[in-house]
Amino acid sequence: MIKRVLVTGGAGFIGSHIVADLCEKGYEPIVLDNFSNSSPKIIPVLEKICSKKLELVQIDIKDKEKLFNFFKSASVDAVIHLAAYKAVGESVEKPLKYYENNISGLVNLLLAMQEHKVKNFIFSSSATVYGDAKVVPIPENSPISAANPYGRTKLMSEEILKDTAFSDKDLSIIALRYFNPIGAHKSADIGELPSGIPNNLFPYIAQVALGKLPHLNVFGNDYDTPDGTCIRDYIHILDIASGHTAALEKIASGFKGFDVYNLGTGIGYSVLDIVNAFKKASGIDLPVKPAARRAGDVPRSCANPDKANKELNWKAKYNLEEMCKDGWAWYKKHPEGFV
Ligand code: UDP
């Protein structure tokens, strides 16, 4: 039976929503985080949402000794591994920082699990591994590639997991390839906390709506798409979170080996669609300006979610309106984050 679930990166945007979902479904999450890209102030907020005290482990996964010590007494049933760096631009400038954290950190975690016979693992992967896919909506068996060190860490991590699962037939490992998570918890008390100027579209739009940034730069308006801007598969963070509990259930029902699933809605929206949906949800007029294409952007990225729908018995249930409404509610309520 899977009860105690270690969530590495459990204080982050995705992690905190997974922890809330685990609590709601009767699991006992353990939050592991080094707060490198999150705030300890989220913990009491999460405890309020979960209506219980949470186990918190402040460890850096690069610290093998501390990680091994933790596993010695933790009696963990499963690990959901999110703790990783994710800024594409920084990964180009500091590739070794990314390989050390995202790859060595993963290997440390797998070694600690091996030592303490923890067999169940869910990995946070990304649609970035599909690159500029030929077939869109993208099925899991599309060719994978990476255009930058960040993407390569996701790709390599999946390979490492496949090899590890092959070497021990008792292991159950599922990689979830996220498309574009946005939105926030219904309480509006946890959400994405960008540090500095956001790279991603939704947090950038929110900062413009809050008056912190003057306008949105729309990166490229001459792509081969209906309105010329890039298309992505935006998915509510609550649906991303429930994808993890669905994967845990698959493991609990006897799945062994390695498998990978897309977490997306299957519906693509352009940058301008998001701007318009946000305007409608917030009632705020967003100044936008056309800007040059951003290097490395693919014109279209959209999931084929059939495999997860069928095999995980999971389906994204929130629409774009709710993503914008819930995301904006969080930014409006906490314009400075957790203070
Ligand atoms: N985008 C934009 N302005 C911004 C940030 C993003 O026009 O300030 C566009 C970006 O070029 C892409 C889409 O919004 O077409 C989604 O970008 P994001 O970084 O959120 O996701 P990703 O491209 O990594 O899927």
Side-chain angles (χ1 to χ4, degrees), residues 12-14 37 84-92 98 124-133 136-138 142 144-155 176-184 191-237 240 262-279 286-303 305 320 323-324 327-328 331:
F13 173 44
I14 298 176
N37 192 28
Y85 295 144
K86 59 171 188 175
V88 172
E90 189 191 37
S91 81
V92 176
Y98 276 66
S124 149
S125 191
S126 164
T128 191
V129 300
Y130 294 122
D132 193 0
V136 182
I138 310 170
S142 289
I144 56 176
S145 66
N148 54 64
Y150 159 72
R152 260 184 290 284
T153 66
K154 292 294 172 192
L155 213 141
L176 299 174
R177 293 177 179 157
Y178 311 153
F179 281 71
N180 292 60
I182 61 171
E192 190 164 13
L193 248 191
S195 55
I197 296 179
N199 291 313
N200 297 113
L201 180 64
F202 196 85
Y204 199 104
I205 286 180
Q207 303 274 305
V208 174
L210 288 169
K212 295 182 174 202
L213 292 167
H215 61 265
L216 172 74
N217 295 302
V218 176
F219 298 146
N221 58 10
D222 55 354
Y223 286 99
D224 183 17
T225 60
D227 67 18
T229 67
C230 291
I231 290 176
R232 296 288 180 273
D233 185 337
Y234 297 91
I235 171 168
H236 200 298
I237 187 66
I240 289 283
N262 286 338
L263 293 186
T265 64
I267 303 168
Y269 289 107
S270 73
V271 175
L272 297 182
D273 289 335
I274 301 301
V275 168
N276 290 330
F278 189 95
K279 278 186 188 171
L286 282 177
V288 301
K289 283 191 182 170
R293 288 183 176 198
R294 184 173 69 176
D297 271 346
V298 298
R300 281 169 200 271
S301 165
C302 182
L320 182 60
M323 296 179 216
C324 289
W328 175 234
Y331 283 107

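Computed from a prediction, not measured in an experiment: that's the story for all the values here. One is the number of the first residue; the rest follow in order along the sequence. In listed order, ligands and their atoms are each counted from 1.
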the protein heavy atom lying closest to atom 21 (O) of ligand 1 turns out to be N180 ND2, 3.1 Å
Of all protein heavy atoms, the one nearest atom 18 (P) of ligand 1 is N200 ND2, 3.5 Å
(request) Give a yes/no on ligand 1: does Y234 have at least one heavy atom closer than 4.0 angstrom to it? (result) yes
Problem - N or O pair under 3.5 Å between F219 and ligand 1 - result: yes
Exactly one of Y269, F278, Y234, F13 clears ring pair (Phe, Tyr, Trp, His ring centres under 6.0 Å) with F202, and that residue is F278
Atom 17 (O) of ligand 1: closest protein heavy atom, distance to 0.1 Å, is R294 NH2, 3.4 Å
min-distance protein heavy atom vs atom 11 (O) of ligand 1 -> D297 OD2, 2.5 Å
- Message: Take a 6.0 Å sphere around CG of D222 and say whether it holds more than 12 heavy atoms from other residues, nucleotides or ligands.
- Response: yes
Logged contact type for V88 with ligand 1, heavy-atom cut-off 4.0 Å, is neither
With heavy atoms and a 4.0 Å threshold, my read on which part of T229 contacts ligand 1 is neither
protein heavy-atom neighbour closest to atom 9 (C) of ligand 1 works out as V271 CG2, 3.7 Å
Going by the 4.0 angstrom heavy-atom rule, the piece of L201 near ligand 1 is both
Considering both backbone and side-chain atoms of Y204, is one of its nitrogen or oxygen atoms within less than 3.5 Å of a nitrogen or oxygen in ligand 1? no
Ranked by distance from atom 15 (O) of ligand 1, the top protein heavy atom is C230 CB, 2.9 Å
